[in-house]
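Taking it in order: structure first as structure tokens, then the write-up.
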Amino acid sequence: MAYDNIKLEKGLYTTGKSFTDALEQIDPSENYKGTSLEGLDAYQRQLKRFDIKVSGNDSDTVSKFFSTTDSAALFPEYISRAVRTGLEDENKIEKIIATTTNIDSLDYRSIESVISADDRTFANIAEGETFPEATITVKDSLTELHKHGKMLVASYEAIKYQRLDLFTVTLRQIGNYISNSEFADAVSILSDNENLKTVTSETGTVTYSDLVNLWKEFSPYKMTTMICAPSDIANMLMFDEFKDSTAGLNFHATGNMITPFGAEIVRYNDANDGTILAIDKSCALEKVQAGGIVTDFDKLIDRQLERATISTIVGFSRIFDDATCVLNS
């Protein structure tokens with residue numbers, strides 16, 4: 001089959017597409033419908049071609065990737081996929097963003113919509129009257145992008161006999177780190193808002209009444225998500241309103257606590273105790289990313305693992321400023 005004869009080289013990482021997309025263009029998966037290879041993408045077919053097992057108790061060692069010059073070209077994609085798995089496992093970002101925009105440069109201006117409180121009433125319009133305006137403009141400032149990543153410090157000689165299944169565990173942790181760093185950036189953008197609506201607790205600690213007041217501030221939006229410190233989540237678990245038998249059974253069975261007004265609670269270890277950031281996930285935040293996970297493919301293919309970097313370039317932009325509200329106690 002065609003996948004057995006593909007020449008793998010560094011150039012597949014420089015096409016402007018992902019390595020797998022570049023391979024798919026050469027060796028489309030649709031050509032394998034009805035065969036034993038159906039369900040595998042172009043990269044996975046190359047793993048099968050070189051008999052490289054990346055998971056399970058009988059996974060191969062790192063050195064298996066470097067059996068040939070062709071198979072060595074698969075190693076950076078293995079790194080990227082393992083890191084991506086860790087990023088997705090810890091992907092709290094998806095719980096707070098409305099949309100993701102992929103760009104191919106480092107300069108990006110998002111849009112914003114300005115609708116006054118009066119215009120939100122959408123009153124009946126008499127014949128001949130002017131329609132109220134919803135102004136959509138490009139923001140004055142660029143969306144700030146940040147690079148997050150880690151540098152590998154192990155030499156090839158130190159890890160070449162390590163099983164890929166174990167090595168993947170380490171790479172997933174890098175993905176977890178990247179995800180947590182991106183989440184911190186997202187929370188910072190949501191909080192750094194001069195139009196941020198604020199609810200202040202009168203008791204100095206978060207109460208159920210405070211959550212009701214927070215919920216009331218969201219009209220005409222919907223409070224879908226609450227970003228909380230672990231101490232505040234523990235405090236909410238002690239509310240009498242959340243202690244009924246049905247809630248208790250669900251929490252003990254699934255670990256999912258009953259939440260205020262159906263809003264999803266997202267744990268954020270770096271949040272200040274007594275401060276809860278609530279948003280309408282559908283319209284509060286845009287994620288902007290310049291490509292996916294970037295690896296030093298030259299170094300990795302040449303077995304120069306030490307000081308090879310793995311990174312992402314991501315930024316965030318608020319969409320509707322008033323779709324976010326904070327509770328301070």
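At distances below 3.5 Å, not a single donor-acceptor pair connects side-chain atoms of K53 with backbone N or O atoms of D58. With hydrogens and angles disregarded, a donor-acceptor distance shorter than 3.5 Å links the side chain of K92 to the backbone of R267. Checked by atom type and distance alone, the side chain of D232 pairs as donor or acceptor with a backbone atom of G274 at under 3.5 Å. R109 contributes no side-chain N or O that, together with a main-chain N or O of V138, makes up a donor-acceptor pair within less than 3.5 Å. Although no hydrogens or angles enter the test, the distance criterion places a donor-acceptor pair under 3.5 Å between the side chain of D210 and the main chain of T207. Side-chain atoms of K139 never come within 3.5 Å of backbone atoms of I111 as a donor-acceptor pair (strictly under, hydrogens ignored). Side chain of E38 to backbone of G34: a donor-acceptor contact under 3.5 angstrom is found. Using modelled atom types, no side-chain atom of R172 and backbone atom of A82 make a donor-acceptor pair closer than 3.5 Å. In this structure a side-chain-to-backbone donor-acceptor pair under 3.5 Å is present from T224 to I279. Using modelled atom types, no side-chain atom of S179 and backbone atom of G175 make a donor-acceptor pair closer than 3.5 Å.
Looking at heavy atoms from C-beta onward, W215 lies out of side-chain contact with L211 at the 4.5 angstrom threshold. Taking the side chain as every heavy atom from C-beta outward, K7 and T69 approach each other to under 4.5 Å. For the pair M236/M226, a side-chain contact is recorded, criterion being any heavy-atom separation below 4.5 Å from C-beta on. A 4.5 Å side-chain heavy-atom check between T309 and T295 finds every atom pair outside the cut-off. Using a 4.5 Å cut-off on side-chain heavy atoms (C-beta onward), L8 and L23 make contact.
Between K197 and D322 there is no salt bridge, since none of the side-chain N atoms of the basic residue sits less than 4.0 Å from a carboxylate O of the acidic one. Salt bridge R81/D41: present, at least one basic N to carboxylate O contact under 4.0 Å. Ion pairing between D60 and K64 holds under the 4.0 Å rule for side-chain N and carboxylate O.
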Please step through side-chain hydrogen bond (donor to acceptor under 3.5 Å, both in side chains) for the pair T20 and E77, ending with a clear verdict.
-> CA-CA 8 Å; T20 298; E77 178 67 2; 2.8 Å; yes
F183/V266 under side chain to side chain contact (heavy atoms under 4.5 Å, CB included): CA gap, chis, key distance, verdict = CA-CA 11 Å; F183 187 79; V266 180; 3.7 Å; yes
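For E157, the CD atom is densely surrounded, since the number of other residues' heavy atoms within 6.0 Å is greater than 12. A 6.0 Å sphere centred on CG of N102 holds more than 12 heavy atoms belonging to other residues, nucleotides or ligands. When the shell of 6.0 Å around CD of E144 is examined, it contains 12 or fewer heavy atoms from other residues, nucleotides or ligands. The environment of K10 atom NZ is dense: over 12 non-hydrogen atoms of other residues, nucleotides or ligands sit within 6.0 angstrom. Other residues, nucleotides and ligands contribute at most 12 non-hydrogen atoms within 6.0 Å of the CG atom of N57.
In this structure, a donor-acceptor pair under 3.5 Å is absent between the side chains of D240 and Y208. T61 and S63 form a side-chain donor-acceptor contact under 3.5 Å, judged by distance and modelled atom types alone. Checked by atom type, the side-chain pair S188/D185 shows no donor-acceptor distance below 3.5 Å. Checking S201 against T203 by side-chain atom types alone, a donor-acceptor pair falls below 3.5 Å. Side-chain N/O atoms of T168 and Y78 include a donor and acceptor closer than 3.5 Å. In this model, a donor atom of one side chain and an acceptor atom of the other lie less than 3.5 Å apart for E286 and T101. The closest side-chain donor-acceptor pair between N176 and Q173 falls under 3.5 angstrom.
Partners of K150 by salt bridge (Lys or Arg N to Asp or Glu O under 4.0 Å), not counting sequence neighbours: none found.
Summarising the geometry of F65 relative to L74, their closest heavy-atom pair is CE2-CB, 3.8 Å, with the distance given to 0.1 Å. Among all heavy-atom pairs drawn from L214 and A278, the shortest one is CD2-CB, 3.8 Å. Counting all heavy atoms, side chain and backbone alike, N269 lies closest to P230 at OD1-CG, 3.3 Å. Between L164 and I52 the shortest heavy-atom distance is CD1-CG2, 4.0 Å. Residues C228 and I265 come closest through the heavy atom pair SG-CG2, 4.1 Å. Between V288 and L145, the closest heavy-atom pair is O-CD2, 3.9 Å.
We find the OH-SG distance between Y221 and C283 to be 5.5 Å, quoted to the nearest 0.5 Å. Taking CZ of R318 as the reference point, atom CG of N193 lies at 4.0 Å (rounded to 0.5 Å). Atoms CG and CE, from D296 and M151 in turn, are 8.0 Å apart once rounded to the nearest 0.5 Å. One finds the CZ atom of R45 at 7.5 Å from the CD1 atom of I6 (value rounded to the nearest 0.5 Å). A distance of 10.0 Å separates CG of L12 from CD of Q25, quoted to the nearest 0.5 Å. Atom-to-atom distance recorded for I310:CD1 and I174:CD1 is 4.0 Å, nearest 0.5 angstrom.
Using cut-offs of 30° and 60° on the angle between ring planes, the pair F167 and F75 is parallel. A parallel orientation is assigned to the rings of F297 and Y13, their planes being inclined by less than 30° (bins at 30° and 60°).
Under the 4.5 Å side-chain heavy-atom criterion for grouping Ile, Leu, Val, Met, Phe, Trp and Tyr, V206 is not connected to V187 through any hydrophobic cluster. Hydrophobic clustering places I178 together with L152 (ILVMFWY residues linked when any side-chain heavy atoms are closer than 4.5 Å, directly or through intermediates). With hydrophobic clusters built from ILVMFWY side chains whose heavy atoms lie under 4.5 angstrom apart, L47 does not share a cluster with Y3. Residues L277 and M223 fall into different hydrophobic clusters, defined by Ile, Leu, Val, Met, Phe, Trp and Tyr side chains chained together at heavy-atom separations under 4.5 Å. I93 is not connected to V294 by any chain of hydrophobic side-chain contacts under 4.5 Å among Ile, Leu, Val, Met, Phe, Trp and Tyr, and they are in different clusters.
When each of E182, K147, H148, H146 is tested with T312 by the rule side chain to side chain donor-acceptor pair (under 3.5 Å), just one qualifies, namely E182.
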